[in-house]
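Below you'll find the structure, written out as structure tokens, and then a few comments.
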Amino acid sequence: MLTKAPKGTKDILPGQVYKWQYVENVFREACSRYVFKEIRTPVFEHTELFARGVGDTTDIVEKQMYTFEDYGKRSITLKPEGTSPVVRAFVEHKLYADVQPSKYFYIIPCFRYEKPQSGRLREFHQMGIEVFGTNNMMADAEVIGFASDFLASLGIKELELRINSIGCPKCRETYREVLRDFLKDKYDGLCDTCKGRYDRNPMRILDCKSETCQALVQGAPYMLDHLCDECKDAFSDLKTNLDAMEIEYIVDPGIVRGLDYYTKTAFEFVSNKIGAQGTVCGGGRYDHLIEQIGGPEVPGVGFGLGIERLLLLMEATELEIPEQENLDVFIAALGDRAKKYGLKLMRDLRNDGIKAEMDSLGRNIKGQFKYADRLHAKYTIVIGDDELDQNTVSIKDMRTSTQKQVPIEDIQKEVRE
RNA sequence: GUGGGUGUAGUCAAGCGGUUAAGACACAGGGUUGUGGCUCCUGCACUCGUGGGUUCGAAUCCCAUCACCCACCCCA
């Protein structure tokens with residue numbers, strides 16, 4: 001147990017970390033071009049934030065949060081998602097006083113108590129963006145377009161964009177009635193949780209995990225078919241914008257976001273190449289979240305993108321991720337005098353911007369060359385008594401196996417080439 | 001929460017009730033008392049996830065347990 005990471009967590013090892021850095025860098029660059037600014041919020045928040053923001057009838061809040069009491073008797077929860085904390089910071093620091101809309105991005109770990117499987121972990125990582133302060137469907141199209149372009153810039157193709165509208169509180173109330181009506185004579189068959197949901201939030205019944213509920217819900221009416229005029233117009237606006245941007249999509253009325261705060265636009269980028277958990281990126285609009293947690297009436301729209309799933313997808317489609325460069329110089333030193341000299345030389349080279357390494361395990365010359373080879377050194381500098389006496393070193397080009405004597409004062413110059 | 005699969009060295013893996021648990025890669029050392037990648041040699045599991053049981057005898061059969069993987073569901 002001591003030497004085992006907790007279930008559902010993964011170490012990102014030194015040999016793999018360049019992949020993370022790569023996608024994060026590409027994301028940061030995209031954010032810069034799309035003019036999104038990074039925001040960093042705490043790993044944990046007051047539990048109440050998520051109960052209110054995500055919704056206390058959601059699976060996430062009901063059974064997936066890592067919640068604990070701290071020593072000051074506060075109920076604390078590890079972030080299960082990225083949007084609520086950003087909204088909290090936006091309200092707390094009155095960022096709505098800045099020029100609007102506000103555009104933020106973040107790269108964060110999220111925590112949900114789930115049963116792990118391919119593409120689903122208990123600690124996972126998201127890159128996300130949020131746009132606060134505009135109702136205009138241009139923002140929704142921008143957010144979707146961002147995701148689409150970012151994914152494309154990684155070389156990812158064959159992702160399917162699915163969009164839907166899940167309405168606003170107004171039309172949703174109507175829809176709830178339609179749904180209650182549909183479920184009325186099925187009520188007795190529902191599980192206990194869903195009996196409670198029937199009054200509070202019948203939409204949640206649609207994604208209950210109980211098999212009996214699943215069966216009862218077959219053939220239920222779609223939200224998309226019961227939108228109010230405003231939402232209907234918004235959805236058609238969105239489609240027009242996406243068409244204008246030449247972004248392909250399919251309308252999927254089955255998309256029901258598992259977070260209560262979503263309104264109107266809901267979308268997903270889905271792959272069929274990484275197993276059952278195919279949603280690489282998901283998001284939508286949340287017009288009342290900010291007031292819901294005590295802020296002004298400011299609408300928002302954004303997405304979350306799963307880094308682990310992104311990497312799974314890139315691996316599945318055999319996309320090349322540029323690896324870090326090799327070692328420039330290995331210093332093979334023989335004898336104490338040479339080692340002292342090498343230590344100083346290594347430091348000078350490093351300070352000069354050159355990637356340099358030497359042996360610290362007391363390997364013999366052959367071992368040191370072998371080590372240099374393993375490190376993929378471009379050059380190996382050999383320093384021994386002979387060289388020191390003559391004020392030279394040997395520099396060997398590891399690719400061509402050619403070697404030459406170089407005066408000590410010319411090392412830097414020689415290595416630069 | 002429900003179901004399925006797998007567990008032999010760092011990794012991949014043979015073994016399928018009977019003397020010392022194949023092999024490959026990796027790793028370490030050596031073949032030259034100052035030169036790598038190739039090659040050759042040597043070393044590297046008192047033990048087969050763990051705990052019980054059956055048996056003269058178990059990595060091999062049974063039970064339990066744990067871990068990992070996958071799927072349902074949900075989502076990133």
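Each chain gets a letter, A, B and so on, in the order the sequences are listed, and its residues count up from 1.
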Tell me what [X] touches on the nucleic acid: a base, only sugar-phosphate, or nothing, going by heavy atoms under 4.0 Å.
| X | result |
| --- | --- |
| E62(A) | nothing |
| Q368(A) | nothing |
| I307(A) | nothing |
| C281(A) | sugar-phosphate |
| G119(A) | base |

Does Y113(A) have R122(A) sitting over its ring (NZ/CZ under 6.0 Å from centre, angle to axis within 45°)? yes
Kindly confirm or rule out a cation-pi arrangement of K184(A) over Y187(A), judged by NZ or CZ under 6.0 Å from the six-membered ring centre and within 45° of its axis? no
Look through every strand shown and name the nucleotide pairing with [N] as Watson-Crick or G-U wobble, where both distances are under 3.5 Å.
| N | value |
| --- | --- |
| rU60(B) | none |
| rA67(B) | rU6(B) |
| rA22(B) | none |
| rG1(B) | rC72(B) |
| rU33(B) | none |
| rC16(B) | none |

Between [N] atom [atom2] and [X] atom [atom1], what is the distance in whole Å?
| X | N | atom1 | atom2 | value |
| --- | --- | --- | --- | --- |
| L13(A) | rU11(B) | CG | C1' | 14 Å |
| F269(A) | rC75(B) | CZ | P | 18 Å |
| L159(A) | rA76(B) | CG | C1' | 13 Å |
| E114(A) | rC73(B) | CD | C1' | 9 Å |
| R363(A) | rG30(B) | CZ | P | 11 Å |
| I331(A) | rG34(B) | CD1 | C1' | 17 Å |
| I255(A) | rA76(B) | CD1 | C1' | 14 Å |
| K370(A) | rU39(B) | NZ | P | 11 Å |

For F124(A) and rA76(B), do the ring centres fall under 5.5 Å apart while the planes stay under 30° apart? yes
More 5' along RNA chain B: I274(A) or R122(A), using each one's nearest nucleotide? I274(A)
Nearest nucleotide by nearest heavy atom, which residue falls closer to the 5' end of RNA chain B, R112(A) or T402(A)? T402(A)
For this output row, return yes or no: ring centroids of [X] and [Y] closer than 6.0 angstrom.
| X | Y | answer |
| --- | --- | --- |
| Y379(A) | F330(A) | no |
| F36(A) | F146(A) | yes |
| Y286(A) | Y261(A) | yes |
| F269(A) | F303(A) | no |
| F27(A) | F105(A) | yes |

Validation row: L121(A), R112(A) side chains within 4.5 angstrom (heavy atoms): no
Non-hydrogen side-chain atoms of F235(A) and M137(A) separated by less than 4.5 Å: no
Out of [options], which has the shortest distance to the side chain of [X]?
| X | options | result |
| --- | --- | --- |
| K115(A) | rA71(B), rG34(B), rC68(B) | rA71(B) |
| Q117(A) | rU35(B), rA71(B), rC75(B) | rA71(B) |
| K4(A) | rG36(B), rC75(B), rC68(B) | rC68(B) |
| K396(A) | rC72(B), rA76(B), rU35(B) | rU35(B) |
| I365(A) | rG36(B), rG34(B), rC73(B) | rG34(B) |

For atom [atom1], what is the distance between [N] and [M], given to the nearest Å?
| N | M | atom1 | result |
| --- | --- | --- | --- |
| rA22(B) | rU8(B) | C1' | 12 Å |
| rU39(B) | rG7(B) | P | 32 Å |
| rC48(B) | rU6(B) | C1' | 15 Å |
| rU60(B) | rC16(B) | P | 12 Å |
| rA59(B) | rG1(B) | C1' | 35 Å |
| rA67(B) | rA58(B) | C1' | 22 Å |
| rU11(B) | rC72(B) | C1' | 32 Å |
| rC73(B) | rG3(B) | P | 16 Å |

Compare side-chain N and O positions of [X] against OP1 and OP2 of [N] and report whether any pair is under 4.0 Å apart.
| X | N | answer |
| --- | --- | --- |
| Q277(A) | rC75(B) | no |
| N364(A) | rG30(B) | yes |
| K366(A) | rG30(B) | no |
| S118(A) | rC70(B) | yes |

Between the base of [N] and the side chain of [X], is one N or O donor paired with an acceptor at under 3.5 angstrom?
| X | N | answer |
| --- | --- | --- |
| D373(A) | rG37(B) | no |
| T380(A) | rG36(B) | no |
| R120(A) | rC70(B) | no |

